[in-house]
There are 2 protein chains.
Amino acid sequence: MKDVIENKLKLRSVKPTAMRLLVLQCLMEQNRALSLNELEALFENADKSTIFRTLKTFQENYLVHRINDGSGAIKYALCDDDCICSLEDNHIHFLCTKCEKTYCLKDTPITTPSLPNGFRANFANYLIEGICSTCT
Amino acid sequence: MKDVIENKLKLRSVKPTAMRLLVLQCLMEQNRALSLNELEALFENADKSTIFRTLKTFQENYLVHRINDGSGAIKYALCDDDCICSLEDNHIHFLCTKCEKTYCLKDTPITTPSLPNGFRANFANYLIEGICSTCT
DNA sequence: TAAACTTTGCAATGGCATTGCACTCCTTAA
DNA sequence: TTAAGGAGTGCAATGCCATTGCAAAGTTTA
Ligand SMILES: [Mn+2]
Ligand SMILES: [Mn+2]
Ligand SMILES: [Zn+2]
Ligand SMILES: [Zn+2]
């Protein structure tokens, strides 16, 4: 386990501090998008701003992407190893209104819409709200 | 002009107060999604909470829909006359990163994605960021 | 006309993101 | 080996935005 986590950091040239290993592990285990508060609650003793800066470092190095799911708090989810957070890496995010969990639907294909003349897309955020499979 | 605005309110059984007429007129004229702060700035003398409650009333009566464009502030845009803010009324919203304006792309069709087994959609927010036609 | 209800203004409050500053820890070069 | 420099962390603000309590002002109704 630990090897995998440390490897992910090395792959992105991020130094493996204790906090970084913990946060990364959490994100891998939970397999969903987590907010700063959720992460803070999972550790209990870590400072929120440290986690914030950890996530910031992760973003800057394409380890996580941030998701605006309309819940009021930004969620963070693991990137794939080959992710460069471009339009091509974009995928649907699903917020379950029952369990409040947000998932990356990386296997659900999106057909790129053809925008009106003159509009050019750089980034997309496709958020779907509903009931997830475990809450059905 | 005024008739059209008052009619929109009557259609939704919302009493036409001064503030409501003004806000509705603004939203019609601007033809884009506006934030609370933007609306407040357009009047200069109106109270923010009054505008907030005006917009809340509008939402509850399907006169406007709220848009989370990731800018930090919620945007509000006019609904069509027959809108009931269901999944079918959903459309793409476009945030221009240059002029910071958010538009409703009601004529850009979206193909509904087929979600994984057990997932059911109730609401969608499809946000695309880029450069708009007037900023190109 | 007075009571009842609605709308408005003003002043909090609360949540979340972000940052300044000092302290600790680690790395590095003399 | 040790001191300096840099990176990471904790704590305590700050700022922005959404939302609400409360009292005043305006409207409607009996
Ligand atoms: Mn994702
Ligand atoms: Mn819209
Ligand atoms: Zn669920
Ligand atoms: Zn623009």
Side-chain angles (χ1 to χ4, degrees), chain A residues 5-6 8-10 12-27 33-61 63-77 95 100-102 125 127, chain B residues 5-6 9-10 12-27 33-61 63-77 95 100 102 125 127:
Chain A
I5 300 172
E6 289 190 341
K8 264 192 182 299
L9 289 174
K10 188 172 291 178
R12 301 295 194 169
S13 314
V14 175
K15 276 192 249 176
T17 71
M19 191 80 269
R20 289 173 183 168
L21 290 169
L22 280 175
V23 170
L24 196 47
Q25 181 172 27
C26 260
L27 289 171
L34 295 169
S35 69
L36 195 50
N37 279 328
E38 286 173 318
L39 280 167
E40 191 192 19
L42 288 176
F43 299 133
E44 192 58 55
N45 57 340
D47 185 73
K48 193 188 296 221
S49 56
T50 301
I51 305 179
F52 173 78
R53 285 187 270 231
T54 296
L55 291 168
K56 193 176 181 194
T57 301
F58 283 1
Q59 283 170 66
E60 291 165 352
N61 293 280
L63 275 162
V64 304
H65 54 283
R66 51 162 48 198
I67 301 149
N68 187 326
D69 65 1
S71 67
I74 294 167
K75 302 281 177 70
Y76 302 86
L95 169 63
E100 293 285 315
K101 289 178 182 163
T102 296
N125 181 24
L127 190 272
Chain B
I5 299 171
E6 289 189 342
L9 289 173
K10 190 172 290 177
R12 302 295 195 167
S13 315
V14 174
K15 279 193 250 176
T17 70
M19 190 80 267
R20 288 174 184 167
L21 291 169
L22 280 174
V23 171
L24 196 47
Q25 181 172 27
C26 260
L27 289 170
L34 294 169
S35 69
L36 195 51
N37 279 329
E38 286 173 318
L39 281 167
E40 191 191 20
L42 288 176
F43 299 132
E44 193 58 54
N45 58 338
D47 185 74
K48 192 187 295 221
S49 57
T50 301
I51 305 179
F52 174 78
R53 283 187 271 232
T54 296
L55 290 168
K56 193 176 182 193
T57 302
F58 283 1
Q59 284 169 67
E60 290 164 353
N61 293 281
L63 275 161
V64 305
H65 54 282
R66 52 162 48 199
I67 301 149
N68 186 327
D69 65 1
S71 67
I74 295 167
K75 302 282 178 69
Y76 302 86
L95 169 64
E100 293 284 316
T102 297
N125 182 23
L127 190 273

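Letters A, B, ... are given to chains in the order of the sequence lines, protein chains preceding strands, and every chain is numbered from 1.
The side chain of A:Asn37 contributes no N or O atom lying less than 4.0 Å from OP1 or OP2 of C:dG15. Considering only side-chain N and O atoms, A:Thr17 lies nowhere under 4.0 angstrom from the phosphate OP1 or OP2 of D:dG8.
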Contact letters for nucleotides 20-30 of chain D, in which S counts primed atoms plus P, OP1 and OP2 and B counts the base, heavy atoms under 4.0 Å: BBB--------
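Atoms CE (A:Met19) and C1' (D:dG10) sit 12 Å apart, rounded to a whole Å. Between B:Arg66 atom CZ and D:dC17 atom P the separation is 15 Å, expressed in whole Å. Rounded to a whole Å, the CD1 atom of A:Ile74 is 16 Å from the P atom of D:dC16. Atom C1' of nucleotide C:dT7 and atom CG of B:Leu9 are separated by 14 Å, given to the nearest angstrom. Across the protein-nucleic acid pair, A:Asp47 atom CG and C:dC23 atom P stand 16 Å apart, rounded to whole Å. Rounded to a whole Å, the CD1 atom of A:Ile51 is 16 Å from the P atom of D:dG8. For the pair A:Leu24 CG and D:dG8 P, the interatomic distance rounds to 15 Å; values are reported in whole Å.
With hydrogens and angles left out, the side-chain atoms of B:Asp47 and B:Ser49 include a donor and acceptor closer than 3.5 Å. Side-chain N/O atoms of A:Asp69 and A:Ser71 include a donor and acceptor closer than 3.5 Å.
Taking 4.5 Å as the limit, some side-chain heavy atom of B:Phe43 sits within range of a side-chain heavy atom of B:Ile51.
Residue whose closest nucleotide on DNA chain D sits further toward the 5' end, between B:Ser35 and A:Thr50: A:Thr50.
Across all non-hydrogen atoms, the minimal contact from A:Lys75 to A:Ala33 is CB-CB, 3.6 Å.
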